[in-house]
There are 2 protein chains.
Amino acid sequence: MTGRDAIDDVWDQWHRERPEIDTALLDVMSAVGRMNRLRRYIDQTLRTYFARYGLDFSEFDVLATLRRSGGVEGVSAGTLLRSAMVTSGAITNRVDKLTAKGLVERSVSTEDRRSVRVRLTPEGIRLVDDILLGHIENEARFLAVLDDNERAQLNGLLRKLLIAQGDTHLG
Amino acid sequence: MTGRDAIDDVWDQWHRERPEIDTALLDVMSAVGRMNRLRRYIDQTLRTYFARYGLDFSEFDVLATLRRSGGVEGVSAGTLLRSAMVTSGAITNRVDKLTAKGLVERSVSTEDRRSVRVRLTPEGIRLVDDILLGHIENEARFLAVLDDNERAQLNGLLRKLLIAQGDTHLG
DNA sequence: ACTGACTATCTGAACGTTGAGATAAGTAAA
DNA sequence: TTTACTTATCTCAACGTTCAGATAGTCAGT
């Protein structure tokens, strides 16, 4: 037994107030609640980390997407919004800010003039490469209590959930 | 083998672009990435559900907290902010909106006049009880692909992560 | 009582996202 | 080529959150 967390208390409170609710459903709510709380801890840490570089997570998300999949030609705004799962307005905003900082640049696609290609500038590449490892190690601290096997288990369960949502490929 | 999800592609992309990064670290980044994407799917569904009742998730979060732990006297604003893991400004805003809708009411604490007690109104209680089960079943659809054992595994892993963050009790 | 430190909540500016709608460019069929 | 539809992106108002600072009440020590 590892002990109890805050969500175990929430489970008990619901069970007391609404005892007719199936405990399996309370377990479901607990799982979602735990992901929510975990996300808040992670977000807070990442926020302060990226702030040191004048970025927020949303901007880094774009830089990282371009770094790992942009090649030299960059990717379209549509690819970015599907990868980040945000609306087009959000991507316009992110790219605007990164452009103002000189980290990415926009150009009209040659094949489709509706389409915008976004590409890392040399400074953009330099910045991602500078902060990437620190970012990952930051995240690693949150999973540090899991051993290799448990981490694989977690990834397996989450993968199963994502596939059930049809999340089988990026935009 | 269950197949691959979008994050498996991201893993491959990073491994190709930055092959020197330890694959265990890529697994860490994948786990966090999966939680992020899953949260986006869940958020989108919940948003449209609560919108039908003129609420958003942040408001429901307050109502639910009061319903399961507020008793008849309600709870303090401080309790709400720690439970929701948001800043005091966010709670002020949420309570303002819920008050305007007649779902909660504020009163000054008798023991500590700095403290504000927030309590569900009868309409507030009615609304939570009306929408709670639909909300939980909504969440249950996201975990439906997991069997009882897997769901327990997931809760166990997430609990372990939360406890490591010191998340052992609500405010 | 008085001082200083701390705690609980509110205020307001800055900011990122959503959602609806606008613009403009591709596309398919008549 | 004209019409109708679809796609890619941008615009902008509404909104919720954070962050920093303001208020005001509490508490311990003097």
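Scope of the values below: all heavy atoms of this structure, side chains included, with no hydrogens, waters or symmetry mates. Proteins get letters first, then strands, A, B, ... in listed order; numbering begins at 1 in each.
Following rounding to the nearest Å, A:F50 (CZ) and D:dT18 (C1') show an atom-to-atom distance of 17 Å. As a whole-Å value, the separation of B:R82 CZ from C:dT7 C1' is 10 Å. Atom CZ of A:F57 and atom C1' of D:dT17 are 17 Å apart (whole Å). Counting to the nearest Å, the P atom of C:dT7 and the CD atom of B:E111 are 18 Å from each other. One atom, CG of A:L80, and another, P of D:dT7, lie 19 Å apart when rounded to the nearest Å. Rounded to whole Å, atom C1' of D:dT17 lies 13 Å from atom CG of B:L81. Rounding to whole angstrom units, CG of residue B:D112 and C1' of C:dT9 are separated by 10 Å.
Look at A:S115 and you won't find any side-chain N or O under 4.0 angstrom from OP1 or OP2 of D:dT7. OP1 or OP2 of C:dG26 lies within a sub-4.0 Å distance of a side-chain N or O belonging to A:R113.
In this structure, B:S76 reaches the sugar-phosphate backbone alone: every heavy-atom distance under 4.0 Å involves primed, P, OP1 or OP2 atoms, never a base.
For the residue pair B:R119 and B:S107, a side-chain donor N or O sits within less than 3.5 Å of a side-chain acceptor on the partner.
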> With the sugar-phosphate defined as primed atoms, P, OP1 and OP2, and the base as all remaining atoms, what B/S/- string results for nucleotides 10-23 of chain C, 5' to 3', for protein heavy atoms under 4.0 Å?
Replying inline: BB----SBBS----
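Of the possible donor and acceptor atoms, one in the side chain of B:N155 sits under 3.5 Å from a partner among the backbone N and O of A:D27.
A salt bridge links A:R67 with A:D129: the closest approach of a Lys/Arg side-chain nitrogen to an acidic carboxylate oxygen falls below 4.0 angstrom.
The distance from the CG atom of A:D61 to the CG atom of A:L80 is 8.5 Å, given to the nearest 0.5 Å. The line from CE of A:M29 to CD1 of A:I21 is 6.0 Å long, rounded to the nearest 0.5 Å.
Interface remark: the A:R114 side chain does not form any donor-acceptor pair with the D:dT9 base, using a distance-only criterion of under 3.5 Å.
Contact check for B:M35 versus B:R39: no side-chain heavy atoms found under the 4.5 Å cut-off. In this structure, B:I125 and B:L120 have side chains that are in contact, with non-hydrogen atoms separated by less than 4.5 Å.
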